[in-house]
Amino acid sequence: MKYVYPSIFTKETEGFSIHFPDLEGCYTQGDNLEDSIEMAEDVLAFTLYRLERSGSPIPAPSDIKAF
């Protein structure tokens, strides 16, 4: 199954912080934009895997236009 969720990248003093508003506790950071994208992919995959393994419901993604 393929999932697509909106993410929010925030420029910090050093690098970026990334948050997935539809998934509680799903956030990460990266040193630069390329690193941040890779880190976001990893934390999203891990979070969804954890939800699937625990039998927890996978939240529906928000409409990107809502942001």
Side-chain angles (χ1 to χ4, degrees):
M1 180 166 268
K2 189 168 193 149
Y3 297 100
V4 178
Y5 282 89
S7 57
I8 298 172
F9 283 64
T10 304
K11 179 73 173 134
E12 304 290 348
T13 305
E14 295 183 25
F16 293 85
S17 61
I18 304 99
H19 174 68
F20 290 86
D22 295 318
L23 300 163
E24 186 176 335
C26 189
Y27 53 88
T28 190
Q29 63 185 28
D31 295 332
N32 54 48
L33 187 55
E34 182 179 350
D35 181 50
S36 299
I37 291 169
E38 290 177 17
M39 297 297 288
E41 291 171 346
D42 288 348
V43 76
L44 177 60
F46 178 74
T47 300
L48 292 171
Y49 175 77
R50 181 179 48 81
L51 290 171
E52 287 179 345
R53 292 281 297 178
S54 70
S56 298
I58 306 276
S62 296
D63 183 352
I64 192 71
K65 295 174 187 169
F67 296 96

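Worth knowing before you read on, the calculation uses all heavy atoms, side chains too, and leaves out hydrogens, waters and symmetry mates.
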Under 3.5 Å, which donor-acceptor pairs link side chains of residues 6-17 to any protein atom two or more places apart or in another chain?
| unit_1 | atom_1 | unit_2 | atom_2 | d |
| --- | --- | --- | --- | --- |
| Glu12 | OE2 | Ser17 | OG | 2.7 |

Compile the donor-acceptor pairs under 3.5 Å between side chains in residues 29-46 and protein atoms, sequence neighbours left out, one pair per line.
| unit_1 | atom_1 | unit_2 | atom_2 | d |
| --- | --- | --- | --- | --- |
| Asn32 | OD1 | Glu34 | N | 3.2 |
| Asn32 | OD1 | Asp35 | N | 2.7 |
| Asp35 | OD2 | Asp31 | N | 2.8 |
| Ser36 | OG | Asn32 | O | 2.7 |

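The closest side-chain heavy-atom distance from Leu51 to Pro59 is below 4.5 Å. Phe20 places none of its side-chain heavy atoms less than 4.5 Å from the side chain of Thr47.
The distance from atom CG of Leu23 to atom OG of Ser62, rounded to the nearest 0.5 Å, is 9.0 Å.
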>> Applying side chain to side chain contact (heavy atoms under 4.5 Å, CB included) to Ile58 and Tyr3, what does each step give before you reach the verdict?
In response: CA-CA 10 Å; Ile58 306 276; Tyr3 297 100; 3.7 Å; yes
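For the residue pair Glu24 and Arg50, the shortest heavy atom distance occurs at O-NH2, 4.3 Å.
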